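For reference, the structure discussed in these notes is given below.
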Amino acid sequence: MRTAKDFFAPLAVGAPAPLREIPARPSRAIHFFDPGNEKMAAKVPAMVGTVDVLLGNLEDAVKAENKEKSRLGLVKIGQEVDFGPTQFWTRINSLDSPWVLDDLTTLVPAIGDKLDVIMVPKVQGAEDIHYIDRLLAQLEAKAGITKPIQVHAILETARGVANIEEICAASPRMQGLSLGPADLAADRRMKTTRVGGGHPGYLVRQDPTDGDIEGLRTTYQQDLWHYTIARMVDACAMHGIYPYYGPFGDIKDVVACEDQFRNAFLLGCVGAWSLHPVQIKIANKVFSPSVEDVKHARRVIAAMGDGTGAVMLDGKMEDDASVKQCKVMVALADELAAIDPDLKAAYDAITLD
Ligand SMILES: CCC(=O)SCCNC(=O)CCNC(=O)[C@H](O)C(C)(C)COP(=O)(O)OP(=O)(O)OC[C@H]1O[C@@H](n2cnc3c(N)ncnc32)[C@H](O)[C@@H]1OP(=O)(O)O
Ligand SMILES: O=CC(=O)O
Ligand SMILES: [Mg+2]
């Protein structure tokens with residue numbers, strides 16, 4: 001058993017003190033690029049400031065023969081690019097792969113002072129986080145890094161989902177969780193071959209009525225990922241860390257991508273992955289509260305005075321609980337306005353009538 005006192009002590013002599021709180025930095029889109037792909041890598045410097053997180057991906061989608069090239073490409077980008085307000089993350093190879101040790105022992109000494117978060121794929125349980133926690137502490141101590149690198153786990157195995165709470169609680173480095181719907185579908189033996197998103201076969205059908213003509217009964221497509229995302233949101237909120245929807249593979253279907261991202265936003269996720277530049281705009285839009293929502297929230301807060309009691313506003317009851325919901329919305333709007341001048345202008349223009 002690790003005591004509370006030990007939990008916040010460095011895991012190696014000379015490693016930085018663990019964070020006591022994970023900062024709420026905007027991360028509406030975690031934009032994936034392959035650092036070994038010259039065309040993509042060349043676009044990275046110009047993307048700084050246009051996206052909340054730039055993530056150099058070393059795992060799936062990078063061919064085995066290119067693993068080293070991508071790793072070295074990431075080191076070059078990390079050393080040369082000034083990331084300004086944009087967070088710099090990487091996704092390392094899985095802990096059972098032949099590449100992960102070289103990923104960590106190369107990246108931490110070379111660019112550990114620039115990396116905000118390391119995303120770990122296929123996390124199965126607390127033991128995976130404990131392994132990475134100690135190794136990072138040793139590497140940080142050796143490299144003289146002063147700011148602890150945070151850890152983000154992808155939930156993409158049935159065991160990982162079953163162990164979700166212990167994964168979130170495993171280390172003060174834990175920054176958040178992402179849904180990995182492709183690997184998770186395979187591991188669970190689900191019968192979808194899509195990368196995230198819905199499936200037309202997963203539906204409920206309106207009850208029959210007398211004289212119905214078959215085919216006219218309305219069907220309602222359901223969200224395959226609702227259960228897992230809801231579990232992630234609860235586990236993350238409980239541990240003070242952040243949940244994210246993962247990849248949406250149908251790049252051309254920007255409408256369905258927006259819907260999937262919005263479902264995640266409404267349930268409590270703070271962001272989603274972007275696999276192609278076109279998805280950055282979608283995530284930035286969806287994971288920023290609308291002007292209407294911010295206006296309503298500010299009106300409720302104003303009407304509620306000290307935040308206790310009950311009032312009627314536009315025919316609806318508002319009370320201590322609904323004012324808390326409104327404060328969540330306004331706090332997010334304030335955080336985003338601090339880094340996004342267009343949003344700041346839109347929110348500043350709101351008048352309360
Ligand atoms: C499913 C489980 C997972 O693990 S998902 C996470 C792993 N997958 C990834 O990281 C995929 C990242 N994305 C990609 O590889 C590409 O976007 C894919 C999907 C292959 C499409 O590429 P491509 O056919 O070149 O698209 P395109 O012709 O529309 O590209 C237009 C220009 O934009 C560039 N581009 C493309 N994707 C990115 C990106 N992620 N980041 C930065 N730039 C990107 C392309 O290189 C292309 O550039 P140019 O106009 O030719 O100079
Ligand atoms: O890594 C992501 C996934 O969906 O698998
Ligand atoms: Mg995966």
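Remember, it's 1-based here, ligands and their atoms both numbered in the order they're listed. Everything quoted here is computed from the prediction, not taken from an experiment.
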Could you tell me whether K76 and E38 make a salt bridge, using a distance below 4.0 angstrom between a side-chain N and a carboxylate O? no
If we number the atoms of ligand 2 from 1 as shown, the ones under 4.0 Å from a heavy atom of D183 are 3 (C), 4 (O), 5 (O)
Sorted by chain and number, sequence neighbours left out, side chain to side chain donor-acceptor pair (under 3.5 Å) with K43 holds for none
Any donor-acceptor pair under 3.5 Å linking the side chain of R71 with the backbone of I92? no
Note: V81 and V48 closest approach over all heavy atoms is CG1-CG2, 3.9 Å
Ligand 2 to A182, heavy atom cutoff 4.0 Å, flagged ligand atoms 3 (C), 4 (O), 5 (O)
Work out whether the distance between some heavy atom of P247 and some atom of ligand 2 is less than 4.0 Å.
yes
Quick note, side-chain hydrogen bond (donor to acceptor under 3.5 Å, both in side chains) partners involving residues 331-342, not counting sequence neighbours, are R28-D340
Y131 (side chain) donor-acceptor with D133 (main chain) under 3.5 angstrom
no
field: D52 backbone acceptor or donor facing R25 side chain under 3.5 Å
entry: no
Give me the ring orientation class for F248 and F261: parallel if the planes are under 30° apart, tilted from 30 to 60°, perpendicular past 60°.
perpendicular
Atoms of ligand 2 under 4.0 Å from any heavy atom of P181, numbered from 1 in the order shown, are 3 (C), 4 (O)
| task | Would you kindly check if the NZ (Lys) or CZ (Arg) of R91 is within the cone defined by 45 degrees around the ring axis of F32 and under 6.0 Å from the six-membered ring centre? | result | no
In ligand 2, the atoms that come under 4.0 Å of a heavy atom of W273 are 1 (O), 2 (C)
- Message: For the backbone of I280 and the side chain of H31, can you confirm whether one donor and one acceptor N or O come within less than 3.5 Å of each other?
- Response: no
Counting only protein N, O or S atoms and ignoring waters, those under 2.8 Å from the Mg ion (ligand 3) are E156 OE1, D183 OD2
Considering only NZ, NE, NH1 and NH2 on the basic side and carboxylate oxygens on the acidic side, decide whether R188 and E156 come within less than 4.0 Å.
no
Short version for S178: what comes under 4.0 Å of ligand 2, heavy atoms counted, is neither
Y245 side chain vs I229 backbone, donor-acceptor pair below 3.5 Å:
no
So the atoms of ligand 2 within less than 4.0 Å of a heavy atom of G180 turn out to be 2 (C), 3 (C), 4 (O), 5 (O)
request  = Could you label the plane-to-plane angle of the H152 and W89 rings as parallel, tilted or perpendicular, counting under 30° as parallel and over 60° as perpendicular?
outcome  = tilted
of all protein heavy atoms, closest to atom 2 (C) of ligand 2 is E156 OE1, 3.4 Å
Atoms of ligand 2 under 4.0 Å from any heavy atom of R91, numbered from 1 in the order shown, are 1 (O)
Once you restrict both partners to nitrogen or oxygen, which atoms of ligand 1 have a protein partner under 3.5 Å, and how far apart are they?
residue	atom	partner	partner atom	Å
ligand 1	4 (O)	R91	NH1	3.0
ligand 1	4 (O)	R91	NH2	3.0
ligand 1	13 (N)	L275	O	2.8
ligand 1	17 (O)	L275	O	3.2
ligand 1	29 (O)	H276	NE2	2.7
ligand 1	40 (N)	H31	NE2	3.4
ligand 1	40 (N)	F32	O	2.8
ligand 1	40 (N)	L275	O	2.8
ligand 1	41 (N)	H31	NE2	2.8
ligand 1	48 (O)	K43	NZ	3.2
ligand 1	51 (O)	K39	NZ	2.9
ligand 1	52 (O)	K43	NZ	2.7

Partner of K122 under side chain to side chain donor-acceptor pair (under 3.5 Å), picked from D183, N93, D128, is D183
